[in-house]
S.K.: 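Let me begin by handing over the structure; questions about it come next.
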Amino acid sequence: MAGPKSSSKSSPTSSEISVAVSTLWKSYIDQTPDRLKFIDAFLAFIVLSGVLQFAYCVLVTNFPFNAFLAGFASSVGQFVLTASLRAQVNPENKSEFKEVSPERAFADFALGSIVLHFFVFNFLG
Amino acid sequence: MPAAYPLPSDLSPATVTNTASLLRIIALALISGAAIASRLFAVINFESIIHEFDPWFNYRATKVLASQGFYEFWNWFDPTAWYPLGRVVGGTIYPGLMATSGVIYNLLHALNLPVDIRNICVLLAPGFSALTAWATYMFTKELKDESAGLLAAAFIGIVPGYISRSVAGSYDNEAIAIFLLMFTFYAWIKALKQGSAFWGTVAAVFYFYMVAAWGGYAFITNMIPLHALVLLLMGRFTGRLYVAYSSWYAIGTLSSMQVPFVGFQPIRTSEHMAALGVFGLLQIVAFAQLVRAHVSSKQFQELLFTAVISLGLIGFFGIVGLTYKGWIAPWTGRFYSLWDTGYAKKYIPIIASVSEHQPTAWPSFFMDLHFLIFLFPAGVVMCFRTLRDEHVFVIIYAVVASYFAGVMVRLMLTLTPVVCVSAAVALSSLMDTYLDPTEPNAEDDTSDSSSTHPTGTTPTTTPATPATNKKAKKNKEKEKEKESTGGVLGELVSNVASSAVAAKSAPTAEKGVFGIDTRLIVLLNSLGLLLFFVVHCTWATSNAYSSPSVVLSSTGSDGSKNLIDDFREAYHWLRQNTAEDAVVMSWWDYGYQIAGMADRPTLVDNNTWNNTHIATVGKAMASPEDIAYPILRKHDVSYVLIIFGGLIGYSGDDINKFLWMVRIAQGVWPDEIQEPNYFNRGEYRVDSEAAPAMRDSLMYKMSYYRFAELFGGQQPVDRVRGQHVPIQGPTLDYLEEAYTSENWIVRIYEVKKDDVLGRDLKIANAFNQGKKRKRTKPVSRRKAISA
Amino acid sequence: MIWQFSWLLLAATVRAASLSLQSPRFTISASDATQLRSDTLSLTRKPEPLTLGATDILKLTFQITESDEGKGVQPHQTFLRFYDKESGEEGIQPVRVTPGGKAKFELNMMRPPASIPPTTHNPLEVSLILGSFVHAPAQYDLFDLYIPASQTPAEHPDEASFRVLPAIKHTFRPEQKSPPQFISAVFAAAVLSPWLVLIGLWSKVGVKVPNLFSLSIMPFTALLGAFEVLLVWYWVDLKLGQVLLYGGILAIPTVFAGKQALYATGEWRAGRK
């Protein structure tokens, strides 16, 4: 689901794989509508901040463990909610989500985010 | 089109729809009414009283919540429980139940309805059972159709397996947990069907409520990932699955960590790891799907290969590292006992000692579920025939819950909903087939009949609800719909009742039922079964499950009812006649009741968190007086309370529980307490043949102290054990009888204080009885140096 | 009450006649009857401490008289108390007194009575205690006594349960510390840095939001923002009940605004297609 994440996935063991990755990247750039790219940028942002928080926890301290968990869980939660939104508004998936129009998807996303943020702030201590 | 019986044909589709939905609402209301009413036997037969043991604690905690507010309750430290340790109540309970009644209480008071908190607690379980019926209706509706839903609601409303935990006064976590369980599952199914994050969020919120309410939430925590995993392995991964599972897990896990008692467990303990693993797996699969959409299959395979290897390595080292650092806690004992039924008995007698944790005896399946247990497999088979995603869920649920119900009696409760659901599916399919008015046309060729004669559908609500008047229009509608959708077997059919047979209509079109007589035979049979079910449920509820166990009842030879109120009598005596800080020692079963009704500190109670403390009590009960006395004094015990049923034949008394006390004490002091010492040649006896350790034990002495006096020189008989107790009863030196209730069920002993003259109490007692003291020469403290 | 007073009165009257000790005298002799030391005891001043060998015998004689008339009396109770001030050990030895008030006590160290306490290196203080119903009680400190060493006293059987326990020391897990401010700040900056990435990527993708400020969208966005503000406020200040209340109130307009906004968007989408 997370498009830009793919660039970090490449392992330079063989040239074939790097070719495959570049094809993937190209095809992604060409075929994805702007709306989805917009969402993907947000996803990349979430992944990045989640990774940084995790690095802080591992490298420095996990001291306010609940605060770390709240931050990290908000990253993960926001990521999956956004990824869900992306899947639902993706025109290619239209057949799968018959009952979920893009607007409904956004409403779901908003509700899910508010509930998630409520628990995050509750957990932050 | 041949029909087995005439149908009115002048009804508009709108009328039919409206009538059907009206009937459904009425039926649901009646089912709710029946569900609530049948749970009121306890109130009618006895009174509005809190039942059993745990509810007394919940009730006490709710009173604190209602009177002192939420934050006070949250920080409540109870110094009177587990004397002298105390208990941090706020952090060691599932507060969902108390919070629910607190909210209801405050709501009613805000509306100027001054309802007593006790009545709210007593009636909470029946109220929630109505909600459970509704949630089950919704769940089953997703599975089959409304008629099956109504059947399932009716079943769950009155099935004894659920009533046993939710009669009025049974104010326990399970009272609301089953509703939450069913509703979470319903929201999950709905989320999965629609691929909607909204329903995923709803599922997560109700999951949170469930976590806050009952320790059994782990069942959901593992059921939903299992379902997701099975769907994944069946090759049924869809974006819907991703959306539903991810939104449920992300929000649900975070929210479950808000409950202090659960804390960081969802990311630390093995029970929760399955959910996390499936979550990770779904992310990977979803990502792989995305990649596959963009590259050729050859390249995809290469990418997949590298990704799988690297991910496998990362995952392996991750798990090894986490286990090494001790981040993932090992499984808990209660969990082990689910897999190995002998485990608890061997290692954790305290878990095995609870009767709820025993394996289920097979008659209780029939007792609790009656004929549903026969329909249950049929319903599961019906699920296999359709096998949409939600049917897979029901099948997994059925298998898992059946196993667990066989292992532990109390888990019968989780089996009951799925039995009701699948039995309703089976019965409703039967009804559909036999109420269907269309007769098969044997002469028609099959291709023709499949398009023009779908085996229609029957919007049966309950068997008692006459539904025949709608048949004709229904079929017309159905045909129209079939034409418009081109015979596609839609998963979701918007029309009221037409989805039922849609899935199986085409292949069975040439089969069917002829005539009205065959229909009547089958239908009358099932009607009879249903009637017997109702009779059985009523009987089981009123006789077996409505006893508060705080008040007992017996029926006299002339049929008159006789209430035995010894418990409250004794607790009230404690409340009125003892110092407010007098510590009462009893076996842990009665801890909550003493705290709730007598308001006195207790050593141990039903929250069995400290095995050593319980073993200490067990040791005191199982030891001779002079060993037990220092234990009692060290714990500041003023009174010892025991339950003795020997006089009126109350079998749940302490002598029958005594072996568990011995076993638990043996677990901690294997040198001092040994179980075999309490048997006489392998027999557990209380008569003159009783083993010496048994005869000397404090429990035996307290139970039979002065028992013989009741029989006026005759040989006294213990009515529970059916044994003759010696005429010369035991004597007590260190304790004295303080109170014995009317029927001798509760006996309270006061622990004597030190003798004022500094004598040993045994010697002092002997002196008082006029026995001559043996002269002893004082021993010199001075010892000469021999060398 | 009157009964009690009468007892007090009685006690006051008898106090007049008190007991006194006449010619107290001690003798220490060896086992072969040779006299080692002998002296009269002064009741006001203690003599030099007496020392007994392992085989020596101490003899003590005295007479008890009424102080007024000088007539010998037999008190009801007569005890010798051996007391070790340092260790707190003591022994009480009854002494037999004749009706004439004469008493004789012999302490043979070959066979010491059971009441002699174990010895430490301190002397035992020996005192005489007289008790009587009709006379005022009396106590005389007689002398200090060194007796041969004995084994250290055995522990009293109740010693294990009745003694001062060491104070319980609670060991707590060390308080977890936040890392230095500098590192925190660096990582805070690092965690915030993805916002830059986000803005950069968005500007690159360049999505236009033409209708953001239209009348139908604006309330919805504003209400969603209000929700977030409420949640931050919850973190800072509010209590749970308040948040749920305000959130519930806020939810109603949000639902309507959301319906309106999303309906409008749906129309635009449909129109565009």
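Just so we're on the same page: letters track the sequence lines, and every chain starts at 1. Heavy atoms only: backbone and side chains are in, while hydrogens, waters and symmetry mates are out.
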S.K.: Measure the CD-CZ distance between B:Gln194 and A:Arg104 for me, rounded to the nearest 0.5 Å.
M.R.: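 The distance works out to 5.0 Å.
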S.K.: Can you list the steps and then say if B:Leu290 with A:Tyr28 is a side-chain contact (heavy atoms from CB on, under 4.5 Å)?
M.R.: CA-CA 10 Å; B:Leu290 183 83; A:Tyr28 170 76; 5.7 Å; no
S.K.: What residues form a ring pair (Phe, Tyr, Trp, His ring centres under 6.0 Å) with B:Tyr217, not counting sequence neighbours?
M.R.: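 Once residues adjacent in sequence are excluded, the partners of B:Tyr217 under the ring pair (Phe, Tyr, Trp, His ring centres under 6.0 Å) criterion are B:His272.
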S.K.: What part of B:Val202 is in contact with chain A, defined as an atom under 4.5 angstrom from a non-hydrogen atom: side chain, backbone, both or neither?
M.R.: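 For B:Val202, neither part sits under 4.5 Å from chain A.
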S.K.: If I compare all heavy atoms of B:Ala197 with all of A:Asp108, which pair ends up nearest, and what's the gap?
M.R.: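 Taking B:Ala197 first and A:Asp108 second, the nearest heavy atoms are N-OD2, 3.4 Å.
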S.K.: For residues A:Ala87 and B:Val243, report the shortest heavy-atom separation together with the two atoms involved.
M.R.: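 Shortest heavy-atom contact: CB-CG2, 4.5 Å.
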S.K.: Taking the side chain as every heavy atom from C-beta outward, state whether B:Tyr245 and A:Val80 have any pair of such atoms under 4.5 Å apart.
M.R.: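 With C-beta onward as the side chain, the pair stays apart.
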S.K.: Can you see which heavy atom on A:Gly112 is nearest to which on B:Ile251, and at what distance?
M.R.: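 Shortest heavy-atom contact: O-CD1, 3.7 Å.
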S.K.: Which bit of B:Phe279 comes within less than 4.5 Å of chain A, counting heavy atoms only: side chain, backbone, both or neither?
M.R.: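 Contact with chain A involves the side chain of B:Phe279 alone.
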S.K.: Side chain, backbone, both or neither: which part of A:Leu116 has an atom under 4.5 Å from a heavy atom of chain B?
M.R.: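 Contact with chain B involves both backbone and side-chain atoms of A:Leu116.
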S.K.: Looking at OG of B:Ser247 and CG of A:Leu85, how far apart are the two atoms once the value is rounded to the nearest 0.5 Å?
M.R.: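 These two atoms lie 12.0 Å from each other.
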S.K.: Of all the residues in residues 252-264 of chain B, which have a heavy atom that comes within less than 4.5 Å of a heavy atom in chain A?
M.R.: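 Expected list: B:Leu254, B:Ser255, B:Met257, B:Gln258, B:Phe264.
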S.K.: May I ask you to name which of B:Ala244, B:Ser246, B:Gly200 has the most heavy-atom pairs under 4.5 Å with chain A?
M.R.: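 The option with the most such pairs is B:Ser246.
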S.K.: Mind listing the closest non-hydrogen atom pair of B:Ala250 and A:Gly77 along with its distance?
M.R.: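 Closest approach of B:Ala250 to A:Gly77: CB-CA, 3.6 Å.
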